[in-house]
Amino acid sequence: MTGPPLPLRTARLVLRTAETGDLDAVHSYWGDPEVTRYLPFDTLDRAGSLARLGRYFGSTDPQAAGDALFLVVEHEGRIVGDVMLRLKTGEPPSVAELGWVFHPSVAGQGLATEAASAMAALAFGHYACHRVEAQLDPHNDRSAALCRRLGMQQEAHLRLDWFGKGEWGDTMIFGMLREEWSGPRGS
Ligand SMILES: CC(C)(COP(=O)(O)OP(=O)(O)OC[C@H]1O[C@@H](n2cnc3c(N)ncnc32)[C@H](O)[C@@H]1OP(=O)(O)O)[C@@H](O)C(=O)NCCC(=O)NCCS
């Protein structure tokens with residue numbers, strides 16, 4: 001399969017592969033405890049952000065189960081967040097997991113929904129997946145609301161299935177099938 005058509009463009013956003021020069025921008029929110037509260041990784045110091053960013057440089061063309069596409073999201077020329085699409089199955093891919101992290105300064109404008117919607121379109125279109133899902137901490141109300149705006153529905157609440165940040169926690173699973181997808185959401 002050829003790689004995805006990058007960068008992705010929406011009405012207000014450009015979603016592109018990450019570069020070394022993006023470190024300051026992503027660290028400005030990966031290093032914020034309010035942002036990482038419900039994420040599976042701890043709040044990062046600068047070295048941690050550099051290491052995390054470095055792991056994603058090759059994440060541009062997922063093919064096999066477990067491979068990811070990681071894109072930073074630009075709005076009006078500045079990075080405001082990042083999104084990820086991870087294939088859960090390969091050959092052919094049929095289920096993709098989506099993830100999103102945005103800078104608090106742009107909350108409440110629909111930018112995360114717009115970016116996530118572009119990734120869902122990629123999953124159902126370019127990767128021909130039949131299912132898209134997201135996993136979240138049940139306390140993460142904003143992320144759950146984003147899932148619902150995308151058209152996902154809550155399918156599961158797993159109890160104490162995941163150990164992270166020193167304690168066992170629950171996981172909420174949202175999902176959407178191809179036939180439930182009503183198309184990309186713009187501004
Ligand atoms: C999860 C996260 C991305 C959600 O951000 P968000 O700002 O709530 O989401 P959006 O950018 O889609 O904005 C939605 C809001 O903009 C409003 N909005 C304005 N214009 C809009 C538009 N054109 N389209 C959609 N929503 C729009 C919506 O009504 C909604 O408002 P509300 O918050 O008052 O309900 C953000 O909270 C975040 O990055 N959290 C930290 C990281 C994290 O937890 N990631 C998820 C791990 S599972």
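If you're wondering where the values come from, they're calculated on a predicted model, not measured in any experiment. Both counts, for ligands and for their atoms, begin at 1 and track the order of listing.
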More than 12 non-hydrogen atoms from neighbouring residues, nucleotides or ligands closer than 6.0 Å to NE2 on H157, yes or no? yes
Flag Y38 as yes when one of its N or O atoms lies below 3.5 Å from any N or O atom of ligand 1, and as no otherwise. no
Looking only at distances, can you tell me whether any N or O atom of S143, backbone or side chain, sits closer than 3.5 Å to an N or O atom of ligand 1? no
Heavy-atom donor-acceptor pair, Q153 side chain to R148 backbone, under 3.5 Å: no
Side chains of D82 and Y56 only: does a donor on one sit below 3.5 Å from an acceptor on the other? no
Check the side chains of T36 and T43 for a donor-acceptor pair under 3.5 angstrom, ignoring hydrogens and angles. yes
Work out which heavy atom in M176 is nearest to a heavy atom in F124; give both atom names and the distance. O-CZ, 3.7 Å
For D137, does its backbone N or O pair with a side-chain atom of N140 as donor and acceptor, under 3.5 Å? no
Can you find an N or O of V106 that's nearer than 3.5 Å to an N or O of ligand 1? no
Given E155, E180, E97, the one that forms salt bridge (charged side-chain N to carboxylate O under 4.0 Å, His left out) with R131: E155
Is E34 close enough to touch ligand 1? Criterion: a residue heavy atom under 4.0 Å from a ligand atom. no
Short N or O distance, L111 and ligand 1, threshold 3.5 Å exclusive: yes
Using a strict threshold of under 4.0 Å (side-chain N to carboxylate O), is an ion pair present between R12 and E76? no
One residue to check: R12. Relative to ligand 1, which of side chain, backbone, both or neither has a non-hydrogen atom less than 4.0 Å away? side chain
Hey, is ligand 1 close enough to G108 that some N/O pair sits below 3.5 Å? yes
For ligand 1, note which part of D137 has a heavy atom under 4.0 Å away: side chain, backbone, both or neither. neither
Heavy-atom contacts under 4.0 Å between R37 and ligand 1: side chain, backbone, both, or neither? neither
For A107, the ligand 1 atoms with a heavy-atom partner under 4.0 Å come out as 7 (O)
For L136, counting its heavy atoms only, list the atoms of ligand 1 lying under 4.0 Å from any of them. 48 (S)
In one Ile/Leu/Val/Met/Phe/Trp/Tyr side-chain cluster, 4.5 Å: L8, L87: yes
Given R142, H103, R149, identify the one with the heavy atom nearest to atom 30 (C) of ligand 1. R149
Does Q109 approach ligand 1 within less than 4.0 angstrom via side chain, backbone, both or neither, non-hydrogen atoms only? backbone
For residues T113 and L150, report the shortest heavy-atom separation together with the two atoms involved. O-CD2, 3.9 Å
For ligand 1, which atoms have a heavy atom of Q135 less than 4.0 angstrom away? 48 (S)
What part of N140 sits under 4.0 Å from ligand 1 if we count only heavy atoms: the side chain, the backbone, both or neither? side chain
